[in-house]
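Encoded as structure tokens, the structure appears first; notes follow it.
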Amino acid sequence: AQSVTQPDIHITVSEGASLELRCNYSYGATPYLFWYVQSPGQGLQLLLKYFSGDTLVQGIKGFEAEFKRSQSSFNLRKPSVHWSDAAEYFCAVGAEGNDMRFGAGTRLTVKP
Amino acid sequence: GAVVSQHPSWVICKSGTSVKIECRSLDFQATTMFWYRQFPKQSLMLMATSNEGSKATYEQGVEKDKFLINHASLTLSTLTVTSAHPEDSSFYICSASLAGVNIQYFGAGTRLSVL
């Protein structure tokens, strides 16, 4: 079965600084990988996904993620963080049949 | 596109009563819907997967008689928390996906508070 690890529970960055959120997965085959963002009291919004092809994927809100098979990683990046990016970020790994597992989440705080 | 509506967004109920939460796919037909539970500052835990017209598949440890799931149409799934107790208080989130498309679209969630 697939599993996801997000090593960082909480990250604080200054507005305008770059951001990288880490995600490591475990899955026997080529996974479907996702990053979602959740604002307080809200559902999850899909930022980006990787199914196959180009390992660098672009998402909404200026986010990108890179799939590195050798490292079993799918880290999320943004070159310049905005205060509105403060939220909880979840990495998820899926398989055929939509079975999806979520990481524990990383809470992002943005300092002015 | 791919909008999922969840209702109500917040419900408070007395212990022992039942609560129904609706999940609707507004602009697509959802062959599969998922129900998650999220405790404060924790990740989403899958409760069950439901396919239209068939019985839901529950994850280990989830009481199917307590959390009744109905997926009667391609656009609607309901979760009924029966005889709710304070320990059932949580944030419940649904998601929906299309056949053959491995993307889940999430509702805004329902906060359940059982007094």
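These figures come from a predicted structure and were not determined experimentally. The sequence lines fix the lettering, A, B, ..., with proteins before strands; numbering per chain opens at 1. These values consider heavy atoms only, across backbone and side chains, with no hydrogens, waters or symmetry-generated copies.
- The hydrophobic clustering, which links ILVMFWY residues whose side-chain heavy atoms are closer than 4.5 Å, places L68(B) and M45(B) apart.
- Taking 4.5 Å as the heavy-atom cut-off, none of the residues of residues 6-20 of chain A approach chain B.
- Contacts between E88(A) and chain B at a heavy-atom distance below 4.5 Å are absent for every atom of the residue.
- Near-neighbour residues of residues 40-59 of chain A relative to chain B, defined by a heavy atom under 4.5 Å from a heavy atom of that chain, comprise G41(A), Q42(A), G43(A), L44(A), L46(A), K49(A), F51(A).
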TODO: Kindly determine whether L44(B) and M100(A) satisfy side chain to side chain contact (heavy atoms under 4.5 Å, CB included), including the steps that lead there.
DONE: CA-CA 10 Å; L44(B) 283 73; M100(A) 182 183 286; over 6 Å; no

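- Every residue meeting the ring pair (Phe, Tyr, Trp, His ring centres under 6.0 Å) condition with F63(A), not counting sequence neighbours, appears here in chain and number order: Y89(A).
- When all heavy atoms are compared, the tightest approach of F90(A) to Q42(B) is CZ-O, 4.0 Å.
- Side-chain contact between Y36(A) and Q104(B): present, with at least one pair of heavy atoms (C-beta onward) separated by less than 4.5 Å.
- Taking non-hydrogen atoms and a 4.5 Å limit, the residue list of residues 103-112 of chain A in contact with chain B, ordered by number, reads G103(A), A104(A).
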Open item on the list: Determine whether I103(B) and Y32(A) satisfy the following criterion, side chain to side chain contact (heavy atoms under 4.5 Å, CB included), listing intermediate values before the conclusion.
Closed with: CA-CA 9 Å; I103(B) 300 174; Y32(A) 302 126; over 6 Å; no

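- Hydrophobic cluster membership differs between L115(B) and Y92(B), with clusters built from Ile, Leu, Val, Met, Phe, Trp and Tyr side chains linked at under 4.5 angstrom.
- Looking at Q38(B), only its side chain comes within 4.5 Å of chain A, counting heavy atoms on both sides.
- With a 6.0 Å radius and a threshold of 12 heavy atoms from other residues, nucleotides or ligands, K66(B) has its NZ atom above the threshold.
- Under a hydrophobic-cluster definition in which Ile, Leu, Val, Met, Phe, Trp and Tyr are linked whenever side-chain heavy atoms come within less than 4.5 Å, directly or via other members, L98(B) and F106(B) are assigned to the same cluster.
- Within 6.0 Å of NE2 in H85(B) there are more than 12 heavy atoms belonging to other residues, nucleotides or ligands.
- Here the closest heavy-atom approach between residue F91(B) and residue Q38(A) is recorded as CE2-NE2, 3.7 Å.
- A chain of hydrophobic side-chain contacts below 4.5 Å, direct or via other Ile, Leu, Val, Met, Phe, Trp or Tyr residues, connects V62(B) to I21(B).
- Under the 4.5 Å side-chain heavy-atom criterion for Ile, Leu, Val, Met, Phe, Trp and Tyr, Y36(B) and F34(A) are members of the same hydrophobic cluster.
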